[in-house]
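Before I ask anything, here is the structure I am working with.
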There are 2 protein chains.
Amino acid sequence: MTQHDAAPALLATLAERLGTAHVLTSPEDLAPHLVEWRGLYKGSALALVRPADTAEVAFAVAACAQAGVPVVAHGGNTGLVGGGVPTGGIVLSLTRLSDIRAIDPVNATITVEAGAILADVQAAADAAGMHFPLSLASEGSCRIGGNLATNAGGTGVLAYGNARDLVLGLEVVLADGRVWDGLKGLRKDNAGYDLKHLFIGAEGTLGIITGAVLKLFPKPVSRSVGFVGLASPRAALALFERLRAAAGPSLTAFEFLPRFGLEIVLKHLSGALPPLAGAHGCYALVEISTARPGADTASDLETMLGEALEEGLAEDATIAASEAQNAALWALRENLSDVQSLEGGSIKHDVSVPLSRLADFLETATAACEAAMPGLRVCAFGHFGDGNVHFNLSQPLGMDKAAFLAEWGRFNRIVHDIVHGMGGSIAAEHGIGLIKRDELGLYGDPVGLDLMRRIKAALDPHDILNPGKVVALSANPPAALPAG
Amino acid sequence: MTQHDAAPALLATLAERLGTAHVLTSPEDLAPHLVEWRGLYKGSALALVRPADTAEVAFAVAACAQAGVPVVAHGGNTGLVGGGVPTGGIVLSLTRLSDIRAIDPVNATITVEAGAILADVQAAADAAGMHFPLSLASEGSCRIGGNLATNAGGTGVLAYGNARDLVLGLEVVLADGRVWDGLKGLRKDNAGYDLKHLFIGAEGTLGIITGAVLKLFPKPVSRSVGFVGLASPRAALALFERLRAAAGPSLTAFEFLPRFGLEIVLKHLSGALPPLAGAHGCYALVEISTARPGADTASDLETMLGEALEEGLAEDATIAASEAQNAALWALRENLSDVQSLEGGSIKHDVSVPLSRLADFLETATAACEAAMPGLRVCAFGHFGDGNVHFNLSQPLGMDKAAFLAEWGRFNRIVHDIVHGMGGSIAAEHGIGLIKRDELGLYGDPVGLDLMRRIKAALDPHDILNPGKVVALSANPPAALPAG
């Protein structure tokens, strides 16, 4: 029986339990769930299913498993690698599981449902006098379950770690519809294998996260942002080392922009002002923040940057004098990804290397790409302090966009070969999804890939959960069609 | 063919590759590897095998797998839960893999072999001007591979996390002798499932860790230790909350001692002096340290503790005036476990609960145990700030030691029932091993236990690696005989 034969009975079963209002099949209801943010893929689905709680998620997955129909979990559908594109089957939306279940200020934890919007989790922590540090561009619409399923990075990683590092406990619906209750709020727990880390970052292929216990932190009381003009990535690395030593855990951001990046932000972003008088080879946005009462981060940052200027590590620097100026400097960095789309086609790479290789990587990969296509404009920016850059390539001026994007595979090879040779990762913070599944097959350690397939087969033997993503179990995995 | 039939050929194969000097079968050579630190179990083994490098580990495991002979990996054999006790088969010692392979100060990483002694890893980091924060009582003899296989805790967890949190990459020999090369030094890597967390804390049952890339931190430049007299665990919790808010990541230790604990340390530890003039209900050892240049932790701690005294949170407090005094205060805490053995039999529990329940737990469990056996002396101490206490029970004065220890199971039930009811863990930092395997079966989430067995079966289908530990695959798992 194919999944289409099974579909009517399955949908009737689901509608009976969840209500007809929450089993949707019209093209208009399905449409937003068949595409992803970048518009690279267009999938298909039998229905959009919206369970109300964990028990209904478990019911829906069990019913799909019995019918042999695959399930793709959706939160905010803000992923960047096609990990949420359905290839037939059911889209299971977690948006109705949006409760903040509990906040425990003494334990410094918050217990949330998977469908809670990241910004709402941040706000709930803030209202309790605490800080939830996960922060990324889509925080107003992405949902925490998706953040955990993709082990999201963002701008808080340098001081607080990736999404993975913020999790103490999970509740997960497995491929057969059983529920694993691992919702513990413990700093120390060595009672058997650590199961939570298996589901975090697995992009919904091993289980569907329905709830989580997350760490909270003391709320920073003082924050200062600086913008620094630098001669080169090598100078940026030297400055980073200096600030890391001087500020330790108070160094909460060290972001990188190339000269081209700042130029296009100033060109396209309404109201953006040049932060420094002159132009420089590249720029760092640095942030110092701390919860230490009485701390004066502005004075600390001034001392640190003053020394860096005196010693020639930095060419110029400015420090924001208010929260409004802090936000204005951050806006230069945060809008870079968006404005880059106004410069035509962009071929994107989300890579990381050991910090000691980051300047080498930027120089080598930039030279290799520029040599491969004259006029290409490298726009490598991002989370420098994490060793993670979005090594994006803007098309040459005047080139046909489609012709440029057709070269994506060729530039993958150039950039990923260099990354791989430096012991780096071809998927630093956005994950594998569909877009990098075959790249992972190319660069992943063969023994590690075999382990991943064994784990997938052990936890989801019938390939029900988000099939064809991350690692392909079958010889002919389903492929979503490119949208354009 | 039983493993004894296969033994001569296997040992000959191993001796040919590793050299006869490294395949040892004499009772004297085997003896120290058949028992564990507490002397609770005595196992048996065919041979002690000492490979020189990862390739030899892989060869040995492959040969054992082919012969159907189990393999137990040993580092320093300092585990506390019988996880290293062999039940037949081969003891594979990692002690010859003791190199520090590389230090990268810019990336803030150190690459080590599994057999490196923890103190040597700390020293290598220190010599490079960095800090490796994992620290525990056995650091002079335990080895990093064992620390990772057990996800060791210790005294650095509050600020730096468990052993797990210090790992960026791993090299692991699998049950069939293949080598997974996951030795990456990246802060961000979402290229597929996170395999390293599966092996960390799995106590050698899923793979044998042969190497690791570990995080380093800026070296603290200022450290101050205080010792605080408190009315009750509830007061300790209030003080902890206060210090966490005031010091943030600079609060690098918050350890707890009961009145009985300090008394027996002062009674038995040569040269120990009372830190405070009077006696109190319980005590906290607190440490503030930071890498921030120019920081004055003594003055910061004085301010914080002064406020706590003024507000009645603390009854008395002292602050060490030198590194020697810092060490003397730490010695009061660090020797507690040892001196407790001088007070007769001790029934031990290594548990954690959410911090918000810790004072409740200490009160409830103490009352329940004292009610269950008049004269029992509760010695609950440890890593209060992590929610982790060693809830140890010293026998009543004059009671027969063996008769007391025979009650271990009864007290497990009392203490672990309370822990479980509070959402805690019955195995916070020492792991499961043999001693808690059946307790895990009792308290573990059934779905979670099934997942653990599926993972074990997927990665080690023939139960070659440390069989019978953590989770039992077979219906009749091997059991090491109690030693006494």
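Letters go in sequence order (proteins before strands), and every chain restarts at 1.
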Correct closest heavy-atom pair for A/Ile432 and B/Asn190 would be CG1-O, 3.6 Å

Measuring heavy-atom distances to chain B, does A/Val172 have an atom under 4.5 Å in its side chain, in its backbone, in both, or in neither?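 Neither part, no heavy atoms under 4.5 Å.
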
What I want to check is whether the side chains of B/Ser425 and A/Asp189 have a donor and an acceptor closer together than 3.5 Å. yes

Residue set satisfying ring-ring contact (aromatic ring centres under 6.0 Å, His included) with B/Tyr193, at least two apart, ordered chain then number -> none

How many angstroms lie between atom CG of B/Asp194 and atom CD1 of A/Ile455, to the nearest 0.5 angstrom?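 Nearest 0.5 Å value for the CG-CD1 distance: 10.0 Å.
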
Could you tell me if the side chain of B/Met452 sits less than 4.5 Å from the side chain of A/Leu195, heavy atoms only?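 With C-beta onward as the side chain, the pair touches.
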
Is there side-chain contact between A/Leu186 and B/Pro354, with at least one heavy-atom pair below 4.5 Å? yes

What's the separation between atom CG in A/Leu451 and atom CG in B/Leu174, rounded to the nearest 0.5 Å?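 Taking CG in A/Leu451 and CG in B/Leu174, the distance rounds to 5.0 Å.
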
Residue by residue, which of residues 237-246 of chain A have a heavy atom closer than 4.5 Å to a heavy atom belonging to chain B?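 A/Leu237, A/Glu241, A/Arg244, A/Ala245, A/Ala246 fall under the 4.5 Å cut-off.
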
Restricting to ring-ring contact (aromatic ring centres under 6.0 Å, His included), what partner residues turn up for B/Tyr160, sequence neighbours left out?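 Checked B/Tyr160 against ring-ring contact (aromatic ring centres under 6.0 Å, His included); matches are B/His131, B/Phe217.
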
Given that the side chain runs from C-beta out, which part of B/Asp350 has a heavy atom under 4.5 Å from chain A: side chain, backbone, both or neither? neither

Interface moiety of B/Thr290 toward chain A, non-hydrogen atoms closer than 4.5 Å: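 The answer is neither part of B/Thr290.
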
N/O donor-acceptor pair under 3.5 Å between B/Lys188 side chain and A/Ser352 backbone: no

Which bit of B/Leu459 comes within less than 4.5 Å of chain A, counting heavy atoms only: side chain, backbone, both or neither?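 Contact with chain A involves both backbone and side-chain atoms of B/Leu459.
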
Taking every non-hydrogen atom, the tightest pair across A/Trp180 and B/Asp445: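 Looks like CD1-OD2, 3.1 Å.
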
Which value, rounded to the nearest 0.5 Å, describes the distance between B/Asp300 atom CG and A/Arg292 atom CZ?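 Between atom CG of B/Asp300 and atom CZ of A/Arg292 there are 7.0 Å.
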
Could you tell me which residues satisfy ring-ring contact (aromatic ring centres under 6.0 Å, His included) with A/His390, sequence neighbours excluded, listed by chain and number? A/Phe381, A/His383, A/His430

